[in-house]
Q: 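Dropping a structure here in structure tokens format, bear with me for questions.
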Amino acid sequence: MTRNENPFYIKSEHKIKLKEKHAFSDKELLEELSRWIRVNKNVPDWPNSILSRFGSLPAMLLASKDELQNGLELSEKESANIKLFHEVCIRLLKEKIYNCDILKNKYMLINYLIAHLSRKQTECFYIYFLDHKGVVLQESLQGIGTVNTTSLYIREVTKSALQCNASQIIMVHNHPTGVAKPSEVDIKLTEMVVHALKVVDIKVVDHLIIGNGCYFSFEENSLITPSNINPAT
């Protein structure tokens, strides 16, 4: 195989361009991505077609295979390659949330959660167990529900927290509707978990709700302490 036949070969001048450039726009990144996948020639100006359809590169990565294939005329193989690329991005983001004080670097966790949970069609509830320094000890999927509801068992949360010797936790769930606004049920559940874990001296430091490219933080909105938890207005 010659260098020109090798799909992983990049011309030296292109390497220089990549090294010298510090930041890429979504359009430029899509142009780079098009070098690695076979873009259907019937779709004019592929990067702008992507941005027009999905709004951003992250939104495209979060799209389903059907959404990628319908309208953009990508083959099943190429849409699968994009989803593989997305999975690699998620793994890289997840790696960053460990071995640091996540409470001082919460944006790392939020970036990972948005990449991981945005556009999921069912509601998932996660608990992140932390030590006293804010280091993530464990990520635990506590429940998977329907399009608008899931179950969280406080007894199991308490049991898991004690087993991994957690000092504090972060609650996380997604809203498949894409709107990251807490419901009265979300607020009541948070209140119940806060009270239950207080008995065993474990602090709930935040409850994050993930929408499509957005999030809601109970802590940032002063809704995390029992005395402050009130129905959303």
Side-chain angles (χ1 to χ4, degrees), residues 18-19 21-26 29 56-62 83-120 123-144 150 152 154 156-175 180-182 186 189-190 193-194 196-226 228-229:
L18 287 175
K19 289 180 180 179
K21 189 120 181 179
H22 297 294
F24 289 83
S25 68
D26 278 7
L29 287 172
S56 67
L57 173 59
M60 184 206 72
L61 295 177
L62 292 167
K83 297 312 294 180
L84 176 62
F85 179 67
H86 177 224
E87 183 62 29
V88 170
C89 293
I90 289 176
R91 299 289 178 90
L92 291 172
L93 289 171
K94 184 175 182 178
E95 187 70 22
K96 289 186 175 183
I97 70 174
Y98 291 92
N99 302 316
C100 71
D101 184 343
I102 202 63
L103 300 180
K104 292 182 178 179
N105 299 278
K106 195 162 62 174
Y107 70 94
M108 292 183 181
L109 178 60
I110 291 168
N111 287 341
Y112 162 63
L113 292 171
I114 288 176
H116 179 40
L117 295 176
S118 287
R119 289 180 175 255
K120 275 194 176 295
E123 193 168 296
C124 302
F125 214 116
Y126 285 85
I127 299 292
Y128 288 83
F129 298 101
L130 317 176
D131 67 10
H132 68 285
K133 294 181 179 180
V135 175
V136 177
L137 299 171
Q138 181 179 316
E139 174 196 79
S140 176
L141 176 60
Q142 293 286 317
I144 299 177
T150 188
L152 182 71
I154 298 177
E156 292 301 316
V157 174
T158 305
K159 179 181 176 181
S160 297
L162 292 173
Q163 286 178 338
C164 67
N165 199 29
S167 298
Q168 41 196 344
I169 71 166
I170 296 176
M171 302 167 62
V172 175
H173 80 281
N174 65 304
H175 280 178
K181 180 180 179 181
D186 293 332
L189 177 61
T190 305
V193 175
V194 168
L197 292 186
K198 185 177 181 181
V199 175
V200 290
D201 198 27
I202 296 174
K203 183 180 180 181
V204 179
V205 292
D206 206 347
H207 183 175
L208 298 171
I209 300 175
I210 307 300
N212 285 348
C214 58
Y215 76 99
F216 181 93
S217 164
F218 274 56
E219 186 271 330
E220 291 174 14
N221 288 275
S222 302
L223 289 174
I224 200 60
T225 60
N228 288 341
I229 297 179

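Nothing here was measured: the structure is a model prediction, and the numbers come from that model.
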Q: Any sub-3.5 Å donor-acceptor pair from Ser140's side-chain atoms to Ile127's backbone N or O?
A: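 Pair absent, no side-chain N/O of Ser140 close to backbone of Ile127.
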
Q: For Lys83, is the NZ atom crowded, meaning more than 12 foreign heavy atoms sit under 6.0 Å from it?
A: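 Atom NZ in Lys83 is crowded, with more than 12 foreign heavy atoms closer than 6.0 Å.
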
Q: Once you round to the nearest 0.5 Å, how far does CD of Glu219 lie from CG of Leu103?
A: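 That separation rounds to 8.5 Å.
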
Q: Taking atom CG of Asn221 as the centre, report whether more than 12 heavy atoms of other residues, nucleotides or ligands fall under 6.0 Å from it.
A: yes

Q: If I take atom CD1 from residue Ile170 and atom CD from residue Glu139, how far apart are they, to the nearest 0.5 angstrom?
A: 11.5 Å

Q: For Tyr98, does the OH atom have more than 12 heavy-atom neighbours from other residues, nucleotides or ligands under 6.0 Å away?
A: yes

Q: May I ask you to decide if His207's main-chain N or O and His173's side chain share a donor-acceptor pair within less than 3.5 Å?
A: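 No: the side chain of His173 does not pair with the backbone of His207.
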
Q: Output yes when a side-chain donor or acceptor of Ser217 lies under 3.5 Å from a complementary backbone atom of Leu208, and no otherwise.
A: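 Flag not set: sc Ser217 to bb Leu208 has no pair under 3.5 Å.
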
Q: Any idea how His116 and Tyr126 line up, ring-wise: parallel (<30°), tilted (30 to 60°), or perpendicular (>60°)?
A: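 Answer is perpendicular, since the angle exceeds 60°.
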
Q: For Cys124, is there any backbone N or O sitting under 3.5 Å from a side-chain donor or acceptor partner on Asn174?
A: yes

Q: Tell me if the CD atom of Glu95 is crowded by more than 12 foreign heavy atoms within 6.0 Å.
A: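 No, the 6.0 Å shell around CD holds no more than 12 heavy atoms from other groups.
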
Q: Look up atom CG in Asn105 and atom CD1 in Ile97, then write down how far apart they are to the nearest 0.5 Å.
A: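 Answer rounded to 0.5 Å: 11.5 Å.
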
